[in-house]
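Side-chain atoms are counted along with the backbone in the values below, which use heavy atoms only and exclude waters and symmetry mates. The shown structure was predicted, so the numbers you read here are calculated from the model rather than taken from an experiment.
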Amino acid sequence: MTNTTLKHQVAGLDLPHTDPNDRLQRILKAALPNQGNNALQPHSDYWNAAFFNLHQVKIFQQASAAEQSAIVQLANRSLLEESYFIEKAGVGYMAKMVLLAETVEERILYALFTADEATHLSQISHFLPEQLQTGINDPFLSLLAEVVESADKTVLLFVLQVVLEGWGLSHYRRLAKECHHPILAELFTSFLHAEARHHGTGSTLFNQIPVSASSQAAILDVLAQFLFMVQMGPQSVLTAVEQVKGHLLRSQKIQILEELDTQTHSGTRLQILRSLMRGASAEAIVQALDERGAFEPLPAHKCVY
């Protein structure tokens with residue numbers, strides 16, 4: 001295999017699916033818990049325009065009904081794809097942590113967590129119109145994949161389980177609460193129990209180990225990149241508008257982000273992320289990120305190049 005093939009081997013974002021008629025598919029269906037949604041036909045109205053604050057955007061208000069529907073569909077699709085690829089990377093990450101376990105109990109836990117992520121991946125796949133092959137063109141997913149490949153267990157625990165799994169709890173809770181499709185809402189609610197266990201385990205293990213200077217530097221580098229993406233506001237919604245309405249001027253993009261209330265959008269998320277970084281081992285990390293202004297939301301004009 002080439003180096004490119006191996007680049008995200010653990011995260012597996014570019015792993016292909018087997019053919020629907022492959023014999024492995026039958027074995028897999030028999031092995032998975034009874035999901036009751038195998039016959040679902042995906043659609044696109046899981047979250048409405050108000051969920052994305054699109055109802056406040058003038059260019060959306062002035063768009064035709066067909067254009068509005070297309071924009072909401074793209075925004076919905078972006079959320080589902082992100083969940084799909086996060087769970088896909090989660091399977092590889094948890095399997096990797098089985099091998100890095102230092103006690104029998106830790107190994108058992110991560111083996112169980114691998115099954116959680118595998119089940120979630122299978123379940124969320126039913127809500128996408130077709131099986132996706134790659135997601136590494138997305139900056140966040142690319143960063144996630146790079147972290148999963150890390151050899152530093154301290155970085156893995158803090159970034160992926162303490163911060164991102166903790167964020168996942170808040171994110172999935174909101175997706176479930178505001179979803180207009182009862183089966184998908186119930187599915188995201190069911191994810192919360194597993195995510196809480198994953199997050200709690202990561203916090204427990206991280207607080208038991210000393211953080212070396214090299215690990216702290218690596219954590220700061222990754223989190224600075226991630227928090228900057230959060231500071232930039234709802235870029236996926238802006239992209240959805242532009243895909244439907246065509247090229248937008250910089251001034252139009254700034255106006256859209258202002259109407260989306262980007263600073264409130266980012267500020268709420270940044271404070272949740274900051275609150276997750278608790279404990280003595282995280283104090284220096286939070287302080288360093290504070291000094292960089294990483295938890296301050298950016299105004300709209302700084303979110304557009």
Side-chain angles (χ1 to χ4, degrees), residues 10-12 28-38 40 42 46-47 51 76 79-98 100-101 103-128 140-141 144 147-148 153 156-208 226 268-269 271-279 282:
V10 177
L28 177 60
K29 286 178 181 177
L32 285 167
N34 182 25
Q35 298 169 58
N37 59 3
N38 290 329
L40 281 174
Y46 303 118
W47 299 278
F51 176 85
N76 269 261
L79 276 179
L80 286 171
E81 286 185 357
E82 182 182 72
S83 297
Y84 167 87
F85 284 113
I86 288 172
E87 299 302 331
K88 197 175 188 183
V91 176
Y93 168 70
M94 294 301 182
K96 178 177 182 174
M97 295 301 280
V98 170
L100 294 178
T103 64
V104 171
E105 288 72 22
E106 191 180 334
R107 174 163 283 197
I108 292 171
L109 271 175
Y110 278 109
L112 292 170
F113 294 168
T114 305
D116 289 339
E117 301 288 1
T119 302
H120 295 172
L121 175 60
S122 174
Q123 291 171 323
I124 201 71
S125 296
H126 294 297
F127 291 88
L128 288 158
F140 167 66
L141 295 174
L144 174 64
V147 178
V148 171
K153 188 176 179 181
L156 293 169
L157 285 171
F158 191 72
V159 173
L160 297 178
Q161 285 187 249
V162 175
V163 178
L164 292 186
E165 291 265 22
W167 165 249
L169 282 167
S170 173
H171 180 59
Y172 283 154
R173 189 176 292 114
R174 180 169 179 256
L175 292 185
K177 182 180 179 181
E178 301 194 40
C179 182
H180 293 275
H181 189 286
I183 297 175
L184 183 57
E186 184 181 345
L187 181 61
F188 277 122
T189 299
S190 73
F191 284 8
L192 295 175
H193 304 296
E195 297 294 329
R197 288 191 295 270
H198 303 172
H199 171 65
T201 299
S203 298
T204 298
L205 292 173
F206 177 75
N207 289 326
Q208 291 175 352
F226 171 59
T268 301
R269 287 155 178 76
Q271 287 310 304
I272 291 171
L273 288 163
R274 191 183 191 283
S275 72
L276 293 168
M277 304 178 199
R278 296 187 297 266

Peer 1: Are there more than 12 heavy atoms of other residues, nucleotides or ligands under 6.0 Å from atom CD of Glu186?
Peer 2: no
Peer 1: Give a yes or no answer on whether the side chain of His199 reaches the backbone of Val162 with a donor-acceptor pair at less than 3.5 Å.
Peer 2: yes
Peer 1: Evaluate the ring planes of His198 and His120, with Trp represented by its six-membered ring, and classify them as parallel (under 30°), tilted (30 to 60°) or perpendicular (over 60°).
Peer 2: tilted
Peer 1: Arg197: what forms a salt bridge (Lys or Arg N to Asp or Glu O under 4.0 Å) with it, not counting sequence neighbours?
Peer 2: Asp116
Peer 1: Go through the structure and list residues passing ring pair (Phe, Tyr, Trp, His ring centres under 6.0 Å) with Tyr172, not counting sequence neighbours.
Peer 2: Phe188, Phe191
Peer 1: For a 4.5 angstrom cut-off between non-hydrogen side-chain atoms, does Leu187 reach Ser190?
Peer 2: yes
Peer 1: Without placing hydrogens or testing angles, list every side-chain donor-acceptor pair under 3.5 Å for residues 104-111, not counting sequence neighbours.
Peer 2:
{"residue": "Glu106", "atom": "OE1", "partner": "Glu102", "partner atom": "N", "Å": "3.3"}
{"residue": "Glu106", "atom": "OE2", "partner": "Lys153", "partner atom": "NZ", "Å": "2.6"}
{"residue": "Arg107", "atom": "NE", "partner": "Val98", "partner atom": "O", "Å": "3.1"}
{"residue": "Arg107", "atom": "NH2", "partner": "Val98", "partner atom": "O", "Å": "3.4"}
{"residue": "Tyr110", "atom": "OH", "partner": "Gln161", "partner atom": "OE1", "Å": "2.5"}
{"residue": "Tyr110", "atom": "OH", "partner": "Gln161", "partner atom": "NE2", "Å": "3.3"}

Peer 1: Name the orientation class of the two ring planes belonging to Phe140 and Phe226 (parallel below 30°, tilted from 30 to 60°, perpendicular beyond 60°).
Peer 2: tilted
Peer 1: Looking at Leu144 and Ala89, what are the two nearest heavy atoms and their distance?
Peer 2: CD2-CB, 4.0 Å
Peer 1: Any non-hydrogen side-chain atom of Leu156 less than 4.5 Å from a side-chain atom of Leu100?
Peer 2: yes
Peer 1: Kindly indicate, with the supporting measurements, whether the criterion side-chain contact (heavy atoms from CB on, under 4.5 Å) is fulfilled by Glu82 and His171.
Peer 2: CA-CA 11 Å; Glu82 182 182 72; His171 180 59; 3.7 Å; yes
Peer 1: Out of curiosity, Leu169 CG to Arg174 CZ, how far, rounded to the nearest 0.5 Å?
Peer 2: 15.5 Å
Peer 1: At their closest point, which heavy atom of Ser83 faces which heavy atom of Ile124, and how far apart are they?
Peer 2: CB-CG1, 4.2 Å
Peer 1: Applying ring pair (Phe, Tyr, Trp, His ring centres under 6.0 Å), can you list everything that pairs with Tyr93, at least two apart in sequence or on another chain?
Peer 2: none
Peer 1: Can you tell me how far apart CZ (Phe206) and CE (Met277) are? Round to the nearest 0.5 Å.
Peer 2: 10.5 Å
Peer 1: Say whether, by atom type as modelled, one donor and one acceptor occur between the side chain of Ser275 and the main chain of Ile272 under 3.5 angstrom.
Peer 2: yes
Peer 1: Nearest 0.5 Å, please: how far is CE in Met94 from CG in Leu160?
Peer 2: 8.5 Å
Peer 1: Do the side chain of Ser170 and the main chain of Gly166 share a donor and acceptor less than 3.5 angstrom apart?
Peer 2: no
Peer 1: Heavy atoms only: give me the nearest Phe51-Leu175 pair and the separation to one decimal.
Peer 2: CZ-CD2, 3.6 Å
Peer 1: Grab the two heavy atoms, one from Ile183 and one from Phe127, that are nearest each other, plus how far apart they are.
Peer 2: CG2-CZ, 3.9 Å
Peer 1: Looking only at non-hydrogen atoms, find the nearest pair between Ser122 and Leu32 and report the distance.
Peer 2: OG-CD1, 3.0 Å
Peer 1: Does Thr189 have any side chain to side chain contact (heavy atoms under 4.5 Å, CB included) partners at least two apart in sequence or in another chain, and if so, which?
Peer 2: Ala176
Peer 1: Looking at residues at least two apart in the chain, or sitting in another chain, which of them share a salt bridge (Lys or Arg N to Asp or Glu O under 4.0 Å) with Arg173?
Peer 2: none
Peer 1: Looking only at non-hydrogen atoms, find the nearest pair between Thr114 and Val91 and report the distance.
Peer 2: CG2-O, 3.9 Å
Peer 1: Within the structure provided, determine whether Leu184 and Leu80 are in side-chain contact (heavy-atom separation under 4.5 Å).
Peer 2: yes
Peer 1: How many angstroms lie between OG1 in Thr268 and CG in Leu273, if you round to the nearest 0.5 Å?
Peer 2: 11.0 Å
Peer 1: About how many Å separate NE2 of His180 and CH2 of Trp47, when rounded to the nearest 0.5 Å?
Peer 2: 10.0 Å
Peer 1: Working to the nearest 0.5 Å, report the span between CG of Leu205 and CZ of Phe158.
Peer 2: 14.0 Å
